[in-house]
Amino acid sequence: MKINENASIKIPTKLIVPILTFIIGAVFFYIGLDYGFWDSNALKPTKGFFPTIMSVALMIFSILGIVNGAKAEKVEFKLANWFVPAGLLAVVGASYLIGLVPAIIIFEFVWLKLYEKVSWKATIITLAIVV
């Protein structure tokens, strides 16, 4: 299996955070309205008054961020730069299934033999030191 390390993906990074904050604002808007906005009998705000107002403000500023971020250029992320975070997540996930030490041994073996293409001698010495 050959992995193209020069492959890249272009992501509009200035759009990611405003879109996420808009979604968070929409969720809190729904939750705030579920708690109630105004008590017309007592003429006072209810529990959802301030969360609803804050979520509307968050959504408005998120829309402004989306409009501003749409003008920005996309940032290029190389695929090879994501191998280490993906490996870290794999080790954490595998540590719940087989334990931390076996997960690290497997990760290190796979990394040294498949990605770095290190000799068997160097791989065994490194594994012995780490274990």
Side-chain angles (χ1 to χ4, degrees):
M1 176 170 102
K2 178 69 176 152
I3 298 174
N4 185 4
E5 294 178 16
N6 294 326
S8 63
I9 184 170
K10 290 190 175 192
I11 299 175
T13 55
K14 294 202 177 202
L15 286 177
I16 294 173
V17 172
I19 289 172
L20 291 176
T21 56
F22 184 84
I23 293 169
I24 291 169
V27 168
F28 276 95
F29 181 77
Y30 176 76
I31 292 171
L33 288 182
D34 193 35
Y35 278 118
F37 185 71
W38 190 265
D39 187 1
S40 55
N41 293 333
L43 297 175
K44 66 178 186 175
T46 59
K47 292 186 253 182
F49 183 76
F50 289 110
T52 304
I53 291 175
M54 292 286 104
S55 65
V56 168
L58 182 62
M59 288 190 296
I60 290 170
F61 287 119
S62 296
I63 291 171
L64 293 174
I66 290 169
V67 169
N68 188 25
K71 299 173 188 172
E73 62 185 54
K74 296 180 179 179
V75 177
E76 185 175 350
F77 290 100
K78 297 218 179 275
L79 180 64
N81 295 343
W82 290 97
F83 288 159
V84 173
L88 173 68
L89 292 176
V91 167
V92 170
S95 68
Y96 285 107
L97 298 174
I98 59 174
L100 181 62
V101 174
I104 291 175
I105 291 171
I106 292 170
F107 169 74
E108 187 173 353
F109 177 78
V110 169
W111 188 271
L112 290 174
K113 288 308 292 174
L114 299 180
Y115 184 73
E116 294 290 336
K117 296 176 179 54
V118 177
S119 68
W120 278 104
K121 179 181 176 184
T123 302
I124 292 171
I125 290 172
T126 305
L127 281 173
I129 292 170
V130 168
V131 172

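Just so you know, these numbers use all the heavy atoms, side chains as well, and skip hydrogens, waters and symmetry mates.
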- [ ] Look only at the side chain of Thr52 and the backbone of Phe37, and say whether a donor-acceptor pair between them is shorter than 3.5 Å.
- [x]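 Looks like no, no N/O pair under 3.5 Å.
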Open item on the list: Quick check against the 3.5 Å criterion: does Lys113 have a side-chain atom that pairs as donor or acceptor with the backbone of Val110?
Closed with: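 Checked: no pair found.
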Path from [X] to [Y] over hydrophobic side-chain contacts below 4.5 Å:
X: Leu114; Y: Trp82; value: no
X: Val56; Y: Ile53; value: yes
X: Met59; Y: Phe50; value: yes
X: Leu97; Y: Ile106; value: yes

- [ ] Could you tell me the separation between the NZ atom of Lys47 and the CG atom of Asp34, rounded to the nearest 0.5 Å?
- [x]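 Reported to 0.5 Å precision, the distance equals 10.0 Å.
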Task: Under the ring pair (Phe, Tyr, Trp, His ring centres under 6.0 Å) test, residues paired with Phe107 that sit two or more places apart - done: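 Partners of Phe107 under the ring pair (Phe, Tyr, Trp, His ring centres under 6.0 Å) test: Trp111.
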Open item on the list: Once ring pair (Phe, Tyr, Trp, His ring centres under 6.0 Å) is applied, do any residues pair with Trp38, and if so which ones, sequence neighbours excluded?
Closed with: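 So Trp38 forms a ring pair (Phe, Tyr, Trp, His ring centres under 6.0 Å) with Phe49.
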Only pairs under 3.5 Å count here: list side-chain donor-acceptor contacts from residues 15-31, not counting sequence neighbours, and write none if there are none.
unit_1, atom_1, unit_2, atom_2, d
Thr21, OG1, Val17, O, 3.1
Thr21, OG1, Pro18, O, 2.9
Thr21, OG1, Ser62, OG, 2.7

Please list, one pair per line, the donor and acceptor atoms closer than 3.5 Å that link side chains of residues 118-131 to other protein atoms, with sequence neighbours excluded.
unit_1, atom_1, unit_2, atom_2, d
Ser119, OG, Ala122, N, 3.3
Thr123, OG1, Ser119, O, 2.8
Thr126, OG1, Ala122, O, 2.7

What side-chain donor-acceptor pairs closer than 3.5 Å can you find for residues 84-96, not counting sequence neighbours?
unit_1, atom_1, unit_2, atom_2, d
Ser95, OG, Val91, O, 3.4
Ser95, OG, Val92, O, 2.6

